[in-house]
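Basis for what follows: all heavy atoms, side chains included, without hydrogens, waters or symmetry-related copies. Quick note on labels: first sequence line is chain A, next is B, and so on, each numbered from 1. Not measured: the values here are computed from a predicted model.
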2 protein chains.
Amino acid sequence: MNPSHIELRHLRLLQAVSEAGGLTAAAERLHLTQSAVSHQLKALEDALGLALVERAARPLGLTAAGRRLLALAHSALPQVDAALRDLAKLRDGDAGELRIAVECHTCYDWLMPAMDRYRDVWPGVELDLLGGFQADPIGLLLDKRADLVITSDTAPRPGIVYAPLFGFEMLALLPPDHPLASRKWLLPADFAGHTLITYPVPEDRLDLIRRVLAPAGIKPPRREAQLTVAILQLVASRRGLAALPAWTVAPYIERGYVAARPVGRHGLWAELHVAVRAADAARAYVADFIDTVKRDSFARLPGIRPLVAGTMETNAPAR
Amino acid sequence: MNPSHIELRHLRLLQAVSEAGGLTAAAERLHLTQSAVSHQLKALEDALGLALVERAARPLGLTAAGRRLLALAHSALPQVDAALRDLAKLRDGDAGELRIAVECHTCYDWLMPAMDRYRDVWPGVELDLLGGFQADPIGLLLDKRADLVITSDTAPRPGIVYAPLFGFEMLALLPPDHPLASRKWLLPADFAGHTLITYPVPEDRLDLIRRVLAPAGIKPPRREAQLTVAILQLVASRRGLAALPAWTVAPYIERGYVAARPVGRHGLWAELHVAVRAADAARAYVADFIDTVKRDSFARLPGIRPLVAGTMETNAPAR
DNA sequence: AGTTCGATATGAGATGGATTCATGAATTTG
DNA sequence: CAAATTCATGAATCCATCTCATATCGAACT
């Protein structure tokens, strides 16, 4: 391969490697195997006659050449995306309506900023966020009272298609000085004898209970709180334990307000998906919304990982 | 193919089609077959769901979508080139020396502007233009008194490698009101009875004599002039005919100062190549000089065409 | 030091996209 | 209208890329 045969694929590869901090993680994001990423990176380095990544360090670092090429990626790839968006507008028009229903309380954390970014590039799309807890958000889609739903439930329904967003880790929260904080991770039995502090939703919507405690036959008393800060406050003041997505609790952990531990050896991983009516899935402004959310999330949320399309994960690590 | 699988290859394709004004001409520039260009363009249009070129018009026009994508190409491709140049500097260093010997008088027309552009991106390379007419410029290369030669002679010499620049048409010049000006093109016999006005170089360096008149057994009297303007003036004042590269005479033809006609049915085409020592061919600043000259020439010179690597053309159209 | 685990490298083979070849249709030119 | 030029298209070929299987490497743990 000749250096002048460099392609956008290579820039996307380098960007993924840099953001993910490793070839294996990059491969997952790109929906390739680790082998493909390794081969392709090597081919690129051979073509340029320069090493691009420092393989010794962890997380993987870039060489000076790698950083120069990454700078190209950072400047060129957004231009390409913008052009493709303009072409999509040329094809499908640039107006539309997107009424969004959200199933999970903590999703607003990343959804609002993502919506702000989306508004910048699709000013013609009317964005609405449906408030309140929805018992059956997919029903809203079918009734045409919503256009897009963010959910963890991907049970097939006629006329509905799902697109995976990301997998995220639910972390168990406990007071920083709690005896269990010395443990590397918590086991179901550790929850016995503690109050579980949750949002006010049915038990079968709580992954910790449905997938960890109930199978182990453990039924701790529950206490409900509406707001995330309230839950954190209750945990910090030793009223009980809780489990929240990693991205929600990261800032509090950093400040030492609460401690967080994985649930089980590999952690408790859940997923988020987007559901839309099949008829809407091809619309450019819909597809780009999903894209924007995904890109934005991976750029900013800690403790999330890519999903292989169509895989419902349980407790095991991806793959 | 999905729109997001667009590659730089597609941008280069669209740019070539737009600049060349047709798929066939674009194919030659890209060193591909016309079929490949057609297939690839169609695949791209299918992926985007949009037509990019107006196939009806001649020269081929772009649609609104095509223009948007071309705008991307114009902004992204130079960034890529700049990055690759930086990487080459990182690998090979950014300094060097380039003493250039030129065989043809009219080459300065395009060489000087190209050198100016080159200086902008390789400020560390010392550029020198060797003056005067060189009898054996390749000898200068071997003696290390020059580093790069622009020549039409590609006779293999050990330690020397050639890179094709472009093919160009030699146009016969005559006074605008000359009887021969009514002809679509001139034949060897038409030169009989006219004085031939040339630069002061040996006969075997004049393509018109060596390849057209001598084979036809025609030996018109010669008159020599040092400067291009002097030759033009002599032709305009009816002292004889001349033959010069199309790019040199284009501005004078436009003003009606002289008339120009092809020599023979398909015109008299000559070629220019770059010769360097084999040891220098891989140096980044050398390769990029050749690249810059080529790019610059195709962007600005009228009546030139790409060369297939390693083909010595005669009188027939390319391919 | 040995073992295990996670990550990267590598060779062989499969796959699919890109290219060429051969040809046809459409359009222009003299 | 014949000749030439250009673009389109289907089939065959080729080659780059990907996956699979496995090797290698290094770090963490015991």
Side-chain angles (χ1 to χ4, degrees), chain A residues 1-10 12-14 16-18 20-47 51-62 66 184-185 265-267 305 308 316-319, chain B residues 1-14 16-18 20-47 51-62 66 182-185 262 265-267 305 308 316-319:
Chain A
M1 189 175 96
N2 185 293
S4 60
H5 291 155
I6 185 173
E7 289 290 351
L8 292 176
R9 167 166 19 107
H10 299 123
R12 295 191 228 273
L13 177 83
L14 190 68
V17 168
S18 157
L23 304 206
T24 307
E28 279 174 16
R29 286 203 195 191
L30 297 168
H31 299 296
L32 290 175
T33 60
Q34 172 271 325
S35 178
V37 172
S38 176
H39 277 297
Q40 195 170 326
L41 182 62
K42 181 163 165 26
L44 180 60
E45 289 182 320
D46 287 352
L52 296 174
V53 312
E54 307 271 14
R55 281 113 207 283
R58 204 129 322 240
L60 241 54
L62 296 188
K184 195 96 192 224
W185 65 80
R265 175 76 181 84
H266 298 291
R305 69 184 185 197
V308 186
R319 305 236 145 182
Chain B
M1 190 175 97
N2 186 294
S4 61
H5 291 155
I6 187 173
E7 289 290 352
L8 292 176
R9 163 165 25 102
H10 299 124
L11 300 185
R12 295 191 229 273
L13 178 84
L14 190 67
V17 168
S18 157
L23 303 208
T24 306
E28 279 174 17
R29 287 203 194 191
L30 298 168
H31 300 296
L32 289 175
T33 61
Q34 173 269 324
S35 179
V37 172
S38 177
H39 276 297
Q40 196 170 328
L41 181 62
K42 182 163 164 25
L44 180 60
E45 289 182 320
D46 287 353
L52 296 175
V53 312
E54 306 271 13
R55 280 109 207 283
R58 202 125 332 226
L60 241 55
L62 295 188
S182 64
R183 305 275 293 280
K184 198 90 196 226
W185 65 81
R265 177 74 180 86
H266 297 293
R305 70 185 184 197
V308 186
R319 302 237 146 178

| said: Once rounded to the nearest 0.5 Å, what's the spacing between atom CG of B/Leu13 and atom CG of B/Leu8? | reply: 12.5 Å

| message | Please classify the nucleic acid contact of A/Ser38 as base, sugar-phosphate, or nothing, using heavy-atom distances under 4.0 Å. | response | base

| message | Distance check, rounded to the nearest 0.5 Å: A/Leu41 atom CG versus A/Arg55 atom CZ? | response | 5.0 Å

| request: Ignoring backbone atoms, test whether B/Arg9 places a side-chain nitrogen or oxygen under 4.0 Å from the OP1 or OP2 oxygen of C/dG17. | output: no

| Interatomic distance, A/Glu28 CD vs C/dA7 P [rounded to whole Å] | 9 Å

| request: Whole angstrom is fine here: how far is it from CD in A/Gln40 over to P in D/dC18? | output: 5 Å

| task | For residues A/Leu52 and A/Leu62, determine if any side-chain heavy atom of one lies less than 4.5 Å from a side-chain heavy atom of the other. | result | no

| query | Are any side-chain N or O atoms of A/His10 and backbone N or O atoms of A/Glu7, one a donor and one an acceptor, separated by less than 3.5 Å? | reply | yes

| query | A/Glu45 CD to C/dT8 P: how many Å, rounded? | reply | 13 Å

| query | Tell me: CD of A/Glu7 to C1' of C/dG17, nearest whole Å? | reply | 13 Å

| Do A/Ser35 and C/dT10 share a donor-acceptor pair, side chain to base, under 3.5 Å? | yes

| query | Below 4.5 Å, heavy atoms only, C-beta onward: do B/Val37 and B/Thr24 meet side chain to side chain? | reply | no

| field | Spacing of A/Leu60 atom CG relative to D/dG26 atom P, expressed in whole Å | value | 14 Å

| task | Name the residue closer to the 5' end of DNA chain D, choosing between B/Leu23 and B/His39 according to the nucleotide with the nearest heavy atom. | result | B/Leu23

| message | As a test of reading the structure: which of C/dT8, C/dG30, C/dT19 is closest to the side chain of B/Lys184, going by heavy atoms? | response | C/dG30

| query | Within this structure, what is the CZ-to-C1' distance between B/Arg12 and C/dT19, rounded to whole angstrom? | reply | 17 Å

| To the nearest Å, how far apart are B/Arg265 CZ and C/dT29 C1'? | 10 Å

| C/dA7 base / A/Gln34 side chain donor-acceptor hit below 3.5 Å | no

| Gap between atoms NE2 and P, on B/His5 and D/dC18 respectively (whole Å) | 10 Å

| Taking the side chain of A/Thr24 as heavy atoms from C-beta outward, which of D/dT6, C/dA7, C/dT20 is closest to it? | C/dA7

